[in-house]
Amino acid sequence: MKKEKHILLRIAGMILLVTMLTGCEGMALLDEIPRDFIFCEILSGKVAQEEDVPEESSVEEAEPEVCYLMEEAFPFSCNTLSREEQLWYHDMERILGGFQEKVRLSREGIEAGLDETDVDRIFQCVLNDHPELFYVDGYSYTKYMRGDRLLDIEFSGSYNTDSETAAVRREEILAAADAILDGAAAISSDYEKVKYVYETLIRNTDYDLDAPDNQNIYSVFVHHLSVCQGYAKATQYLLNRLGLECTLVLGTVETGEGHAWNLVKVDGEYYYVDTTWGDVSYRTEDMQDAGGGVSLNMPEINYDYLNVTTEEIQRTHTIGGLVAMPHCTATGANYYVREGAFFTSYDREQMGALFRRAIEEGRNDVTIKCCDALCYETMVSELIEEQEIFQYLTGGESSIAYAQNEKQLSLTFWVTNS
């Protein structure tokens with residue numbers, strides 16, 4: 001009988017995700033958000049710019065004609081503020097949600113000691129909690145003073161489109177999001193909801209620095225092109241609507257570039273989720289092996305960033321932003337743990353069960369994660385160097401590609417000819 005020739009292909013010149021470890025070059029960092037203010041001093045009852053302090057434009061008196069706020073938004077950032085700061089948070093929330101301009105912030109906030117130095121931080125908290133404010137890209141305010149006494153702050157949102165266009169786009173977003181959420185109607189567990197959103201957004205979105213509206217959810221749901229902030233806000237939007245606590249996380253990655261991802265609560269425990277880095281196609285497309293011209297057709301989803309701990313995310317990310325994040329230690333809802341793909345040693349029985357399940361589900365790829373460097377080195381030695389990987393395959397497959405993520409201690413294998 002002719003002996004079968006097995007070929008083990010490594011992705012030419014790369015380790016999975018090493019070329020992906022970059023941030024969002026197009027991401028609007030905190031100090032780049034459009035903001036402006038006008039200083040108006042009142043002397044002897046006269047405003048220097050011949051304007052009157054607004055009388056009728058307080059938030060309490062001027063209810064918006066429209067409201068784009070969604071009830072399901074979770075106030076994670078709001079809950080980190082003091083009671084006094086929350087006064088202005090809710091003022092800005094209503095102003096931005098109502099597409100308003102030139103509305104006075106509550107004087108109760110001023111009386112409690114808030115001033116213009118608090119505006120930017122509170123504004124950021126509102127945007128962190130409300131991914132549905134896709135049309136907001138900044139703010140401006142006017143400060144009214146008498147001597148050194150602050151009398152009023154008049155706040156305006158800066159919008160990337162007009163109200164009529166925003167209304168049309170909101171309906172487009174709702175239609176697209178509802179279609180996705182319909183697919184989750186039968187899902188009851190927190191873990192499966194997060195996994196569903198993660199996989200669905202990755203399969204339906206391509207990473208593109210030149211995508212229009214790429215800092216907001218419109219880019220994801222309508223254009224299906226975005227960057228990290230679009231991915232993260234869309235993840236937050238869908239999970240909030242599915243009843244899960246999820247917020248935006250801002251920070252940087254190894255290269256120093258700004259990046260955005262999410263914090264989510266699953267079964268009462270916090271985890272980090274990075275949907276952008278789960279999208280393999282955002283840095284790598286189908287490639288050809290340099291030697292044989294074999295199409296490698298990498299799996300489109302990487303699960304290394306689905307429900308991970310603080311320790312794991314900090315191997316490649318640095319948590320920043322204005323809102324403190326909890327220290328995440330739970331592992332029960334981690335993808336690899338939940339799917340039986342987390343290894344504490346080279347367990348051949350566990351490995352065989354993992355591959356049999358993949359075959360039964362019609363998948364041609366398997367990813368595993370190791371608990372430590374020793375386990376990882378053993379897996380590389382036995383599965384790759386000794387080519388034991390072929391013992392877990394059926395059907396005479398002779399060509400397998402693999403990729404490594406040494407930082408996350410994971411290995412991915414997939415059949416390139418079946």
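It should be emphasised that the depicted structure is a prediction, and the values quoted were computed from it without experimental measurement.
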Checking side-chain polar atoms at under 3.5 Å, does [X] have a donor or acceptor matched by the opposite partner on [Y]?
X    : Y    : result
E406 : Y376 : no
E172 : Y218 : yes
Y271 : E312 : no
S158 : D137 : no
D274 : H317 : yes
D115 : T117 : yes
T329 : T309 : no

Could you check whether any side-chain N or O of [X] sits under 3.5 Å from a backbone N or O of [Y], counting only pairs where one atom can act as donor and the other as acceptor?
X    : Y    : value
N214 : L209 : yes
E300 : I202 : no
T200 : Y196 : yes
N302 : V280 : no
N334 : V308 : no
E132 : M70  : yes
Q350 : G340 : yes
N262 : A232 : yes
S156 : K102 : yes

Give the C-alpha distance, both sets of side-chain angles, the deciding distance and a yes or no for side-chain contact (heavy atoms from CB on, under 4.5 Å) between Y402 and T412. CA-CA 5 Å; Y402 72 94; T412 299; over 6 Å; no
Determine the minimum heavy-atom distance between [X] and [Y], stating which atoms define it.
X    : Y    : value
P326 : T310 : O-OG1, 3.8 Å
D208 : D210 : OD1-N, 2.9 Å
T247 : S77  : OG1-OG, 4.4 Å
G230 : S219 : CA-OG, 4.4 Å
L248 : M325 : O-CE, 4.1 Å
D129 : C78  : OD2-N, 2.9 Å

Is it true that [X] and [Y] make a salt bridge, defined as a side-chain N closer than 4.0 Å to a carboxylate O?
X    : Y    : answer
D304 : K369 : no
D213 : R169 : yes
R315 : E254 : no
R356 : E360 : no
E154 : K143 : no

Apply the test salt bridge (Lys or Arg N to Asp or Glu O under 4.0 Å) to residues E111 and R107: give CA-CA distance (whole Å), side-chain angles for both, the deciding distance (0.1 Å), then the verdict. CA-CA 6 Å; E111 293 168 359; R107 284 179 179 167; over 6 Å; no
Check: [Y] and [X] side chains under 4.5 Å, non-hydrogen atoms:
X    : Y    : result
V264 : N307 : yes
H223 : V220 : no
E339 : Y191 : yes
Y272 : V249 : yes
L174 : F221 : no
E192 : I187 : yes
V323 : N128 : yes
W414 : I400 : no

Run through T205, T276, T275, D279 and flag the one making a side-chain hydrogen bond (donor to acceptor under 3.5 Å, both in side chains) with Y231.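 Output: one option passes, namely D279.
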When the ring centroid of [X] is compared with that of [Y], is the distance short of 6.0 Å?
X    : Y    : answer
W261 : H259 : yes
F155 : Y139 : yes
Y135 : Y68  : yes
Y336 : F342 : no

Step-by-step side-chain contact (heavy atoms from CB on, under 4.5 Å) determination, F99 to V136: CA-CA 9 Å; F99 217 97; V136 177; over 6 Å; no
Just how far is it from atom [atom1] of [X] to atom [atom2] of [Y], taken to the nearest 0.5 Å?
X    : Y    : atom1 : atom2 : result
L225 : N204 : CG    : CG    : 11.5 Å
N405 : T316 : CG    : OG1   : 8.0 Å
R94  : C67  : CZ    : SG    : 10.0 Å
Y89  : T80  : OH    : OG1   : 9.0 Å
L322 : Q124 : CG    : CD    : 6.0 Å
L250 : T318 : CG    : OG1   : 13.0 Å

Is there a side-chain contact (heavy atoms from CB on, under 4.5 Å) between Y346 and E388? Walk through the geometry before answering. CA-CA 11 Å; Y346 181 26; E388 283 195 21; 2.7 Å; yes
Please report, to 0.1 Å, the donor-acceptor pairs under 3.5 Å made by any side chain of residues 179-186, with sequence neighbours excluded.
none

Is E311 atom CD crowded by more than 12 heavy atoms from other residues, nucleotides or ligands, each under 6.0 Å away?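 Not buried by this count: 12 neighbours or fewer within 6.0 Å.
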Below 3.5 Å, can you tabulate the donor-acceptor pairs from side chains in residues 238-246 to any protein atom, sequence neighbours excluded?
from	atom 1	to	atom 2	distance (Å)
N240	ND2	L244	O	3.1
N240	ND2	C246	O	3.3
R241	NH1	D178	OD1	3.1
R241	NH1	Y237	OH	3.2
R241	NH2	D178	OD1	2.7
E245	OE2	Y270	OH	2.4

Give the C-alpha distance, both sets of side-chain angles, the deciding distance and a yes or no for side-chain contact (heavy atoms from CB on, under 4.5 Å) between S226 and N216. CA-CA 8 Å; S226 196; N216 64 67; over 6 Å; no
